[in-house]
Structure formats: C-alpha cells, structure tokens
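Note sheet for the following structure.
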There are 2 protein chains.
Amino acid sequence: MSGERTMRRMSQESGSRRPERPPERRPERRVSSQIQREVMQLILDRKLRAGAPLPTETELMEDLGVSRNSVREALKALQALDIVDIRHGYGTYVGEASLTPLVDGLTFRTLARPDGDTAALAEILQIREILEEGLVRRVAASLTDDELDALAAVVDRMEAAGRAGESVAELDRDFHELLYASLGNALIPQLLGAFWTVFLRVAGARGWTDAPTPELTIRRHRDIVAALRARDVEGAQQAMSHHFRGIEARAAQASRGVG
Amino acid sequence: MSGERTMRRMSQESGSRRPERPPERRPERRVSSQIQREVMQLILDRKLRAGAPLPTETELMEDLGVSRNSVREALKALQALDIVDIRHGYGTYVGEASLTPLVDGLTFRTLARPDGDTAALAEILQIREILEEGLVRRVAASLTDDELDALAAVVDRMEAAGRAGESVAELDRDFHELLYASLGNALIPQLLGAFWTVFLRVAGARGWTDAPTPELTIRRHRDIVAALRARDVEGAQQAMSHHFRGIEARAAQASRGVG
DNA sequence: ACCGGGAGGTGGGACGTCGGATGTCCGGCG
DNA sequence: CGCCGGACATCCGACGTCCCACCTCCCGGT
C-alpha cells in the first residue's frame with residue numbers, strides 16, 4: 001500500500017478554464033486513426049502524386065482540429081506504411097507506397113518464428129518459386145534477342161563478380177528484374193524484390209554466409225537463358241525450378257550449419 | 001498564404017546552459033525509429049509470441065530513457081505494421097504481423113493512381129493469376145477426394161448464395177483458401193487474401209457493383225473442380241486461367257461503366 | 001451469493017516548450 | 001558584378017505535464 005500519492009483531486013473546483021468544451025458526445029472513434037484516413041483521403045481528393053508536399057503538421061493540426069501530437073502519431077503510422085515521407089526541417093510529402101512495410105513485416109515475422117527459421121523462409125521461397133515459374137512461362141515466348149543478350153550480359157557480370165569475390169546478390173536481383181521487365185507490370189519486380197530482401201535480411205541476421213558457391217547460381221542462370229534462347233518454355237520453367245531447388249538446399253544447409 | 005508571424009524569440013545565446021555535453025552518447029539517429037527497432041529486438045530477444053504482453057508505455061519510457069511521446073509514436077508505427085497490437089485501457093501486445101500493411105499500401109497506391117484504375121488493378125490481378133495457376137498445378141496431383149468434396153460443397157454454397165442474392169465474395173475467398181490448404185504454406189492464403197481484399201476495397205471505393213453475374217463465377221469454379229477431379233493438371237490451370245480472364249473482363253467493364 | 005461502484009492501471013489526447021535540421025535571402029566581400 | 005556565408009524563418013523531433021477514456025479487479029453493501 002505504498003504509493004497512494006496519486007490521490008488525484010476530483011476537480012471539485014470544476015470552475016477551471018474549460019472554455020466551452022461542447023458536451024457533444026462525439027467520440028469519433030480514435031482520433032489518431034481518423035487522422036490517418038483523413039490524410040489519405042486528402043491525398044486522394046487532391047490527386048497528389050508521390051513527392052508532392054502535404055500540409056505541414058501545424059496546418060493539419062488546425063484544419064482537423066486536433067493536437068499536433070495526434071497529427072504526428074498519425075503521420076508516423078502513415079510513414080511506416082510508406083504512404084507519407086517525413087523530412088526533418090523540410091516538410092511532409094506523399095510517399096511512394098512501396099512494399100517496404102511488407103518487407104519489414106515479413107522479416108519480423110520470419111525472425112520471430114520460434115520453432116524453425118527454415119519453415120517461414122521456405123514459405124517465402126515457395127511463393128517466389130511459383131511466381132517465377134509462371135512468370136518465365138509468360139515471357140519465354142515474347143523475349144526479344146536484345147533482351148536475351150542483356151540477360152546474358154548480366155550473367156557474364158555475375159561470373160566476373162563471382163571470380164572477384166564480389167556481391168553476386170545484386171546482380172542476381174537485376175537478372176530477375178530484367179527478365180520480367182517486358183511484362184510491363186511494375187508490381188512484379190517490387191514484389192519479387194521484397195521477397196528477395198526479406199531473404200537476404202533473414203540470412204544476414206542468422207549470420208549465414210552470403211554465397212558459398214556462386215558457380216552453381218551462375219550456372220543455373222545460364223541454363224535459364226539458354227532455354228529461353230531456344231524458346232523452350234518447359235525447359236525454362238524447369239531451369240527456374242532447379243534454380244530454386246538450389247536456393248532451398250542452400251538455405252536448409254545454412255540453417256543446419258548455424259541454427 | 002496566411003503568413004502568421006510566429007515570432008518566437010531566438011535564444012541567440014546559443015549554447016548557454018547545457019550542463020554536460022553528451023560525451024559517449026552517440027547521435028543515435030532519430031530516437032523514434034530507434035525505439036521501433038529496440039521494441040522489435042525486445043520481442044525477438046524474449047521470444048515473445050503473438051498475443052504476449054509488452055512492457056507498458058511507462059516502462060518502455062523508463063527503460064529506454066525517452067519520453068512517453070516518442071514511445072507512443074514508435075508504437076503507433078509498429079501498430080501500422082501489425083507488429084504490435086495496442087488496446088486502450090488494457091495494454092500493448094505482440095501483433096500477428098499479418099499482411100494488413102500490404103493491403104493498406106496496395107489499396108492506397110491503386111486508388112492514388114491518377115491515370116487509370118485498370119492499370120494498377122490489372123497488375124494485382126495478373127500476379128494473383130500467375131500465383132494461382134502455379135498453385136493449382138501443384139495441388140492438382142495431391143488433392144484427396146475429401147478435399148475435392150469440400151471444394152464442391154463450397155461451390156454449392158456459392159450457388160445457393162448467388163440464388164439468394166447474397167455475398168458470393170466470401171465463399172469465393174473460402175474456395176481459393178481451401179484449395180491451397182494442403183500445401184501447408186500459411187503465407188499463401190494470406191497473400192491471396194490480401195490481393196483479394198485490395199480488389200474488393202478498390203471496387204467498393206469505385207462504386208462498382210459487387211457481382212453482376214455470379215453464375216459465370218460459379219461455373220468457372222465448377223470447371224476447376226471438375227478438372228481437378230479428373231487429375232487434369234493442364235485443364236485445371238486453364239480453368240483457373242479462364243476464371244481470371246472473367247475477373248479481368250468484369251473489372252475492365254466496371255471501370256468503363258463508372259470511371 | 002450477488003451485484004454495483006470505486007480504486008488503480010493503461011493507453012488516448014492535448015498543450016506548451018525547446019532544440020535540431022533545412023531552405024532562403026540578403027548583404028558584405030572579393 | 002558575382003558569389004559566398006551567416007542570420008532568419010520554417011519545418012519536424014522530442015520532452016514534460018496534465019487530464020480523459022477504458023478496463024480490471026476487488027470490496028463492501030444488499
């Protein structure tokens with residue numbers, strides 16, 4: 001019973017300055033999340049593009065009739081979703097609405113798995129595998145020779161980087177991004193990139209070695225390009241399949257070796 | 001506009017009273033985002049599962065040596081990512097880390113597209129199509145008769161609901177979720193559900209009619225089940241393909257009719 | 001045994017204040 | 001005349017304090 005010092009007075013005075021808080025029982029459901037919706041609606045109504053300036057915190061505070069604290073909490077939440085971009089000393093701007101929150105969420109969820117790292121990572125890899133198998137089938141027929149040359153060039157650079165002991169990971173990313181560029185679907189490289197980033201982050205957090213045998217990876221990519229050049233849809237899909245089998249094996253091996 | 005002079009006096013005595021220079025306290029880069037990382041790390045270190053209670057705001061404030069405001073902003077951001085679940089008057093808990101942020105982000109990004117609604121929605125639909133084509137190929141060989149019966153039952157319920165003019169959308173969701181349940185990949189239904197939710201929300205915001213012709217949708221689902229029952233992998237994939245062709249056509253029609 | 005109300009704890013929100021970061025503008029210097 | 005640097009205005013970053021809303025639990029009255 002130590003600590004009854006809270007003893008908040010009952011405001012029996014009640015005559016304090018409370019201008020006229022309208023007793024309107026307008027709870028309005030969580031001011032902060034309401035502000036989030038209003039800011040999003042403001043962006044949509046004014047048709048603001050990514051990079052366009054938003055009202056300052058003070059303006060939002062006055063326009064919406066809430067405190068700056070609530071405005072900042074709402075903006076922080078929108079910032080976490082990459083819907084808003086806050087720059088210190090400069091202002092608040094419309095964000096790119098990228099898949100960054102997906103990356104953060106998946107990374108956290110994967111790292112938070114108590115049982116095994118492999119299970120959660122395998123789920124992500126399986127989705128990437130299914131996606132890329134279907135994707136390679138679609139682009140197999142429509143790839144031009146120039147695009148095939150560009151893909152082969154990326155593999156060449158991978159080989160050079162691998163020989164020099166450099167980062168093959170970035171080029172791997174470029175390869176897959178370039179492969180599906182002709183589809184004109186901007187979401188696809190972002191989604192694949194998100195999965196890829198999650199994989200790299202989890203691998204980094206687990207302390208896995210980045211790529212023990214880049215030769216195998218490069219070989220798989222060469223196989224994919226070769227099949228595509230031959231307009232062999234089934235072969236390309238199988239090559240992609242083999243590629244992922246290798247990634248899964250490497251992940252499983254790494255998790256056994258470390259975890 | 002409204003250039004109110006705030007006229008705050010500038011403490012030109014810069015560096016007047018500062019008891020001690022922070023010698024070892026490094027800049028620390030944005031307290032708020034640092035708190036986000038620390039809270040996430042706390043969850044990982046203590047191996048807390050979803051639903052487990054987190055330290056109260058006051059405790060975090062004291063443990064991390066920051067103000068309660070900063071703690072709340074960090075928690076708000078983590079709440080937006082569904083990494084944390086804040087319950088008024090109850091406490092803060094570890095969240096599910098669901099794909100809710102992806103849904104919010106994709107919905108916003110799609111609605112914010114100035115040119116056309118169809119383009120952004122078509123991207124999402126294409127990804128769903130590619131995913132489900134690959135998925136149906138994988139489950140086609142392993143589905144048991146019981147699972148096929150369950151799928152057929154869902155279609156029956158869809159037909160009953162369609163006749164009664166009820167919500168076919170929910171049952172549609174159930175069908176696809178049930179279809180891929182045997183893969184044991186928890187991420188797949190969540191990802192498909194996320195895309196599905198985005199589609200419904202955008203359709204709702206655009207004022208599209210929910211399902212003008214449920215008969216066609218039901219027929220496509222019957223085709224899928226029939227092909228699966230015959231263990232016809234190619235047929236199942238093509239049926240799924242037709243299904244999505246219908247969805248795309250409906251979306252294009254709705255966007256023309258309204259937008 | 002039941003029920004209602006209050007104490008205490010937790011998040012929700014509002015100000016007010018100060019500090020740091022950034023862009024702008026203007027005046028002095030070369 | 002040109003340009004370069006410092007004062008200044010404006011923005012976000014953070015802190016402290018106060019009060020309110022919501023929830024749980026316990027305790028005392030019925």
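Convention: sequence-line order gives letters A, B, ...; per-chain numbering from 1.
A distance of 8.0 Å separates CD1 in Ile124(B) from CZ in Arg109(B), rounded to the nearest 0.5 Å. For the atom pair CZ of Phe108(A) and CG of Leu78(B), the computed distance is 8.0 Å after rounding to the nearest 0.5 Å. Between the CD atom of Glu132(B) and the CG atom of Leu125(B) there is a distance of 10.5 Å, given to the nearest 0.5 Å.
Toward the 5′ end of DNA chain D lies the nearest nucleotide of Val71(B), the other residue of the pair Arg68(B) and Val71(B) mapping further downstream.
If you take CG of Asn69(A) and P of dT17(D), they are 15 Å apart, rounded to a whole angstrom. Taking atom CG on Leu75(B) and atom P on dT10(C), their separation rounds to 14 Å, with Å as the unit. What separates CD of Glu59(B) from C1' of dG9(C) is a distance of 11 Å, to the nearest Å.
Backbone-only contact: Arg87(A) has heavy atoms under 4.0 Å from sugar-phosphate atoms and none from a base.
Residues Asp104(A) and Arg201(A) are paired through a salt bridge, judged by an N-O separation under 4.0 Å between the basic side chain and the carboxylate. Ion pairing between Arg173(B) and Glu170(B) holds under the 4.0 Å rule for side-chain N and carboxylate O.
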Identify the pairs formed between an N or O of the protein and an N or O of nucleotides 24-26 of chain D at a distance under 3.5 Å, and give each distance.
none

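When distances run from any side-chain atom of Ser32(B) to the nucleotides dG16(D), dG11(C), dA14(D), the shortest one goes to dA14(D). Taking the side chain of Ser67(A) as heavy atoms from C-beta on, and the options dG13(C), dG11(C), dT17(C), the nearest nucleotide is dG13(C). Among the nucleotides dG12(C), dC11(D), dA14(D), the one closest to any side-chain atom of Thr56(A) is dC11(D). With dC15(D), dA21(D), dG13(C) as the choices, the nucleotide that has an atom nearest any side-chain atom of His88(B) turns out to be dA21(D). The listed nucleotides are dC12(D), dT10(C), dC15(D); the one nearest the side chain of Thr92(A) is dC12(D). For Glu57(A), whose side chain is taken as the heavy atoms from C-beta onward, the closest listed nucleotide among dC18(D), dG13(D), dA14(C) is dG13(D).
Taking Phe175(B) as the reference, His221(B) meet the ring pair (Phe, Tyr, Trp, His ring centres under 6.0 Å) condition, with sequence neighbours excluded.
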